[in-house]
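For reference, the structure discussed in these notes is given below.
Note that ligands are numbered from 1 as they come in the structure, with each ligand's atoms numbered from 1 the same way. Side-chain atoms are counted along with the backbone in the values below, which use heavy atoms only and exclude waters and symmetry mates.
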Amino acid sequence: MVTYIDATSAPLKNTGVIRLYDAEAFAGMRKACQLTARCLDELYPLVKPGVATDVIDRFVFEFGMDHGALPATLNYRGYTKSSCTSINHVVCHGIPNDKPLREGDVVNIDVTFILDGWHGDSSRMYPVGEIKRAAERLLEVTHECLMRGIAAVRPGARTGAIGEAIQAYAEAERCSVVRDFCGHGVGRLFHDAPNILHYGRANEGPEMKEGMIFTIEPMINLGRPHVKVLSDGWTAVTRDRSLSAQYEHTVGVTADGCEIFTLSPGGLDRPGLSA
Ligand code: MF3
Ligand code: CO
Ligand code: CO
């Protein structure tokens, strides 16, 4: 059984009920998400061969501080960085470090800012210099998966419609969908109900209702879908070491579809951008 609750009257922890947010909350989310999107825009010139992911992470931290926002990942369940930087066969939750990026790498940068209590969660892929045609294709397929998932969002449909749209396109393109991580409710909390699966069938999952806010963040692999987490407890990699990509938006369900809160203010959402 699924229950829904007016977000203002629910306790501030994930109890499994799905919060429904009002117009004021949507305004708060719009601001937090646009700050995250601006930060992601400003990262493009920084992502080039020789730059360490620690430098990117410091930029994210400073950007947050300069705009009155806190990176949500900082001290989240023991995580100590302001971003996740996931390179090549790293699926997600890559930890920024002092190793320089190399020509031909593709890196996902995932940022969540908390602004006035609202969480803006988004990630994009960044090519490092010239990348291979296969990598370029994976980025395009993954971004298209995200947008097809978003196109399935509307009141009355079930969250499974999102997963079905993503899985159908990814597999038609001979790619695979990672099963071990999912999108999530977001708002006052970083990770809330419901889980948004990136695979499945349209008749599965809770019914979407106007006022719900969640992320869609498909992880798509060129090889098999299976992942393992390294001994640092965070870094998830493809078991077959095949290339993996991810894009993430935060969306709010409206009367006739959804609003994408984390759209790039500079029109830089799409893949194929390099410094
Ligand atoms: N931003 C990630 C997400 O999209 C979560 C990262 S949690 C961390 O949900 F601790 F790994 F940073
Ligand atoms: Co997320
Ligand atoms: Co994220």
Would you please indicate if the ring centroids of Trp118 and Phe261 are separated by under 6.0 Å? no
Can an N or O of [X] be found at a distance shorter than 3.5 Å from an N or O of ligand 1?
{"X": "Glu217", "value": "yes"}
{"X": "Glu248", "value": "yes"}
{"X": "His184", "value": "yes"}
{"X": "His191", "value": "yes"}

Thr215, portion touching ligand 1 at heavy-atom distance under 4.0 Å: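 None of Thr215 does.
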Just let me know how Cys84 lines up against ligand 1, side chain, backbone, both or neither, with a heavy-atom cut-off below 4.0 Å. side chain
When rounded to the nearest 0.5 angstrom, what is the spacing between CD1 in Ile162 and CD1 in Ile216? 4.0 Å
Please confirm whether [X] comes under 4.0 Å of ligand 1, counting heavy atoms of the residue only.
{"X": "His93", "answer": "yes"}
{"X": "Phe181", "answer": "no"}
{"X": "Asp110", "answer": "yes"}

Check for me, please, whether Ile220 and Val91 land in the same ILVMFWY cluster - side-chain distances under 4.5 Å, paths through other members count. no
Is Val60 reachable from Tyr126 through a run of I, L, V, M, F, W or Y residues, each pair having side-chain heavy atoms under 4.5 Å apart? yes
Name of whichever N/O/S atom of Glu217 is nearest to the Co ion (ligand 2): OE2
For Asp121, what is the atom name of its N, O or S atom nearest to the Co ion (ligand 2)?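 The Co ion (ligand 2) is closest to the Asp121 atom OD2, counting only N, O or S.
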Taking [X] for its side chain and [Y] for its backbone only, find out whether a donor-acceptor pair lies under 3.5 Å.
{"X": "His226", "Y": "Asp240", "result": "no"}
{"X": "Arg158", "Y": "Gly205", "result": "yes"}
{"X": "Arg239", "Y": "Val227", "result": "yes"}

How far is atom 12 (F) of ligand 1 from the closest protein heavy atom, and which atom is that? Thr73 CG2, 2.9 Å
Atom 11 (F) of ligand 1 [closest protein heavy-atom partner, distance rounded to 0.1 Å]: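 Answer for atom 11 (F) of ligand 1: Trp234 CZ3, 3.3 Å.
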Using a 4.0 Å cutoff against the non-hydrogen atoms of Phe190, which atoms of ligand 1 qualify? 1 (N), 5 (C)
Suppose I only count heavy atoms of Thr112 and a 4.0 Å limit; which atoms of ligand 1 are within that range?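 Going through ligand 1 atom by atom, the ones under 4.0 Å from Thr112 are 1 (N).
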Residue His184, metal the Co ion (ligand 2), N/O/S under 2.8 Å: yes
Is Glu248 close enough to the Co ion (ligand 2) that one of its N, O or S atoms comes in under 2.8 Å?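 Looking at Glu248, which is the residue asked about, there is an N, O or S atom under 2.8 Å from the Co ion (ligand 2).
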Pairing of [X] and [Y] as salt bridge, 4.0 angstrom limit:
{"X": "Arg137", "Y": "Glu140", "answer": "no"}
{"X": "Asp41", "Y": "Arg124", "answer": "yes"}
{"X": "Arg58", "Y": "Glu62", "answer": "no"}

Candidate pair His119 and Thr250, rule side chain to side chain contact (heavy atoms under 4.5 Å, CB included), full reasoning: CA-CA 9 Å; His119 292 70; Thr250 297; over 6 Å; no
